[in-house]
Structure formats: structure tokens, C-alpha cells
2 protein chains.
Amino acid sequence: MNAREKIIHAAMELFWLKGYNSTSIADLLSRTQLNSGSLYHAFPSKQDVLIGVLETYRDGIEAMLLEPAWSKIDDPIEKIFALLAAYRTMIVESECAYGCPIGSLALELHEPDPPVRALLAQNFDKWTGAIEACLSDARKRLPKSTDRRALAQFILTTMEGGVMQARTHRDVSYFDRGIAQLRTHFDLLQKAAKAKA
Amino acid sequence: MNAREKIIHAAMELFWLKGYNSTSIADLLSRTQLNSGSLYHAFPSKQDVLIGVLETYRDGIEAMLLEPAWSKIDDPIEKIFALLAAYRTMIVESECAYGCPIGSLALELHEPDPPVRALLAQNFDKWTGAIEACLSDARKRLPKSTDRRALAQFILTTMEGGVMQARTHRDVSYFDRGIAQLRTHFDLLQKAAKAKA
DNA sequence: TCATGACTTGATTGATCGTTCAAGCAAGTG
DNA sequence: CACTTGCTTGAACGATCAATCAAGTCATGA
């Protein structure tokens, strides 16, 4: 593991735990046992560390997030809820203190430089893209008029909003109720699709 | 307008524009034309300014947010969408750069002191409480089994998630699609309620 | 008239921030 | 051997941070 990898690894964790602004270079150095010169040899600036982190998340969505969550699931709609369940596990394991690393960064960085904002958007796009693929696989169980892209974004919304409230109240049940509402929504959609058929 | 009010007023705007951590005491002083001694006479610390801001939001929800949004609306379900439309206006006016001030703070502050977290939670509770009252007024148009508290929280989720994505993509249509999904959800709920009746 | 207390002034503090860079080190090349 | 190259060392820099406080201002009431 070279210096660059060490820093990215440490930064992924610290940005998630403390946020970007509250993570100092000194934090990264003490965590990695590196000196500042090594860090600045690997990255021109702190923002470039952030960019590296966001690229790593973007490029690792399948292997780090989707594949583990979907290893035992075939049904495309259940894949969606399995992914949400994976986030639930994350919430519980952190005692409701940390949420989605991308969502937190997206709201923390108020005026991000264009490359940073683009990477945040790419992360969201890849996530919703994967969900949209599930919805396409399940298209026969949904009303024909369903806007699958909008519905995929709505699932991201449900996740992020649920995480935000669960974190704020330090109580997973806020997340759970959001998922339950989404389940109701899917039940209604599937019923509507059947009624038309 | 005394020093305390000036600072709260400036802090509400600056925390919204730049976030809490990125707003320095110097920013507040230059905006208010006060000296640091005056600020620290009115508030023991920067965090107490934040607490004052969150209390002001909490106590001003009706007058500052709900009443303006609901002045011309009677239908309880349309009140909900009118409130969401008010947020849409806010998004558009800021060119998708700023979102919900409470939601941003909730995600920016990773380990808030208990009084701060409690105030964030109170703000969310008052918001969802107002929505829940609308849902109660409309209870005859919804299925009997509807969990109105969960549905009210789901509407907050939709708003916050939509704001987050609109901000990240600098594109209101992400917010609009979320609202459209929620409208579909309400249509399905009302249809389900009618079918049972 | 003067004492009191509320509030303001603004220079200053020490800590911490992101960043720099001259110097050093070790492995590889000719 | 000398020389380059890639990387590390860690003290130091200037900027900025939240916070302090002795001194000053001013309205009020005795």
C-alpha cells in the first residue's frame, strides 16, 4: 500500500466520520503515519484528496456496495430493498451517527469547485443508474406509464432523507418508516399495474 | 435592532449560504458591523449563535414559512404541495445553490453537541407535525391504515432528498421529479381509499 | 453631579489551518 | 564509482481561526 492509497483509505474514513472541513491534514497524517511532504508529493492539495476519494467511491460502487448487497438476491425489486437494508446496517453499526458519505459531502460543501460537484453528481448518477436497471428488469410489474428514472431518483431521495432524519434523531426507526412508505408505494404501483393488465 | 438580533439575522443568512464551519466570526462581524466584544457579550461562543439561529427557525416556522405558503390554500393536501412549492421557489431563486438550512446543518454537523442536535430534531418535528396536521384534516381521503406520522416524515424526506439532488446537479428538475413521485403516491393512496369505501 | 452598570472598542492571544521546501535517503543506471 | 530519480523528512510559514479583556463610552437614576 503506497502513500497515495494510504491517504485515500484514511480520508474515506475520516471524511465519513468527521466531514471534509473538519478533517485536517494533520488528522490524515497521524492516521497514516506519513509526513506532510509525502502527502503533498502524492496530492497537490487537500481538495485533490477529496477528488481521489470521490473517484474511489464512484469506481467502487459495484464491487464495494452493490455486489455485497445483492449476492443472494435475484428479484429486481428486492434488490432495491436489499440495498436499502445495507444502508440500514451501516446506520445501526455507527449508532446512527454517520450516514451516506456522498450525501453528507454533498450538503457540507456549499460551493464546491466544478470538478468536485461533478464527481458528487457522478456518484449519484451511478447509484440511480443501478436502481434504474433493477426497475427496468421489473418493468412488467410496474405501470407502463412509470418514469423509471424519476422513480430511481426517488429511491435515492428516500435513502438520503431517511438517513438524515435517523442521524438527526439518533434513531433508525426514522429510516425504517421511510422504507416502509416506499414499500407501500411499490405495492400500490404493482397493484395498479395488475389492475390495468 | 440590538446586537443579538443583528447577529442572529446575519448568522441565519451566512450559515445558510456557507454552512456553519465555513462561516467565521470575522464574517459575522463584517456583515453586522459589530466588534468581536459585542458578539461575545451577546453570545458566550460561536455554538451559542448556532443555537440562537436554530431556536429562531423553530419558533418562526409558522410565521416565516407556513403562513406565507398557505395564505391562499385551504385544501389540506394542496397545502402540503404548496409548502413544497415554496421550497422550489427558494431553490430556483438561489440558482440551485442553497437548500434547506436545517437539512444542510443536520448533515454538516457530524457530532453536534446534544443541545444542537436536539434543536435540529425539534425543527424537523415541528415541520412534520404541521404536515401531519394536514394529513389528519385529509384523513377521510386516505386509507384507514395510513400511518400519518410516517407519511409526514416521508414528505420531509422527499423535500430534503429532492433539495440535495437539485443542489448537487444544479438542476431543479431533480426536485420536481421527486415531487411528481410524491404526487403519484398521493393519487394512488386516494384511489386506494376510494376503492375500499 | 457622580456612581453604576450595560454595552462597545479593537488589539491581542494561542491554537490550528493548509501548504512549502531545503535537505536527506535508498534503489537503480551508466 | 558518480549520478539520477522517486520519495520521505519535519521544521517552518503566513493566514486564519475562535476567543479574551482592559479600557472606554454612554444612558440612567440617585
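In what follows, chains are A, B, ... by sequence order, proteins preceding strands, each numbered from 1.
B:Asp48 and B:Ser45 share a donor-acceptor pair across their side chains, judged by distance under 3.5 Å alone. For the residue pair A:Gln165/B:Thr157, the side-chain donor-acceptor check at 3.5 Å is satisfied. The closest side-chain donor-acceptor pair between A:Asp187 and A:Thr184, if any, does not fall under 3.5 angstrom.
As judged by a 4.0 angstrom heavy-atom cut-off over every strand, B:Ser36 is placed among the base-contacting residues. Across all strands, A:Thr23 comes closer than 4.0 Å only to sugar-phosphate atoms, never to a base (heavy-atom distances).
With rounding to whole Å, A:Ile25 atom CD1 is found 15 Å from D:dA15 atom C1'. The CD-C1' distance, from A:Gln33 to D:dG10, rounds to 14 Å in whole Å. Computed from coordinates, the A:Arg4 CZ to D:dT8 P distance equals 13 Å when rounded to whole Å. A:Phe43 places its CZ atom 14 Å from the C1' atom of D:dC7, with the value rounded to the nearest Å. If you take CD of A:Glu5 and C1' of D:dC7, they are 15 Å apart, rounded to a whole angstrom. Taking atom CG of residue B:Leu29 and atom C1' of nucleotide D:dA19, one finds them 11 Å apart after rounding to whole Å. A:Leu39 has its CG atom 14 Å from the C1' atom of D:dG10, to the nearest Å. Between A:Asn35 atom CG and D:dT8 atom P there is a gap of 9 Å when expressed in whole angstrom units.
Residues A:Phe81 and A:Phe186 place their aromatic rings such that the two centres sit under 6.0 Å apart.
Of the residues near DNA chain C, B:His41 and A:Ser24, the one whose nearest nucleotide (by heavy atom distance) lies more toward the 5' end is B:His41. Projected onto DNA chain C by closest heavy-atom contact, A:Gln47 and B:Gly37 fall at different nucleotides, the more 5' of which corresponds to B:Gly37.
Protein chain A contacts DNA chain C from C:dC17 to C:dC21, reading 5' to 3' and using non-hydrogen atoms of the protein with a distance under 4.0 Å.
At a threshold of 4.0 Å, the pair A:Lys126-A:Glu62 counts as salt-bridged, since one of the basic side-chain nitrogens sits closer than that to a carboxylate oxygen.
Within the 3.5 Å criterion, the main-chain N or O of A:Leu14 finds a donor-acceptor partner in the side chain of A:Thr23.
Using a 30° and 60° split on the angle between ring planes, B:Tyr20 and B:Phe15 fall in the perpendicular class, above 60°.
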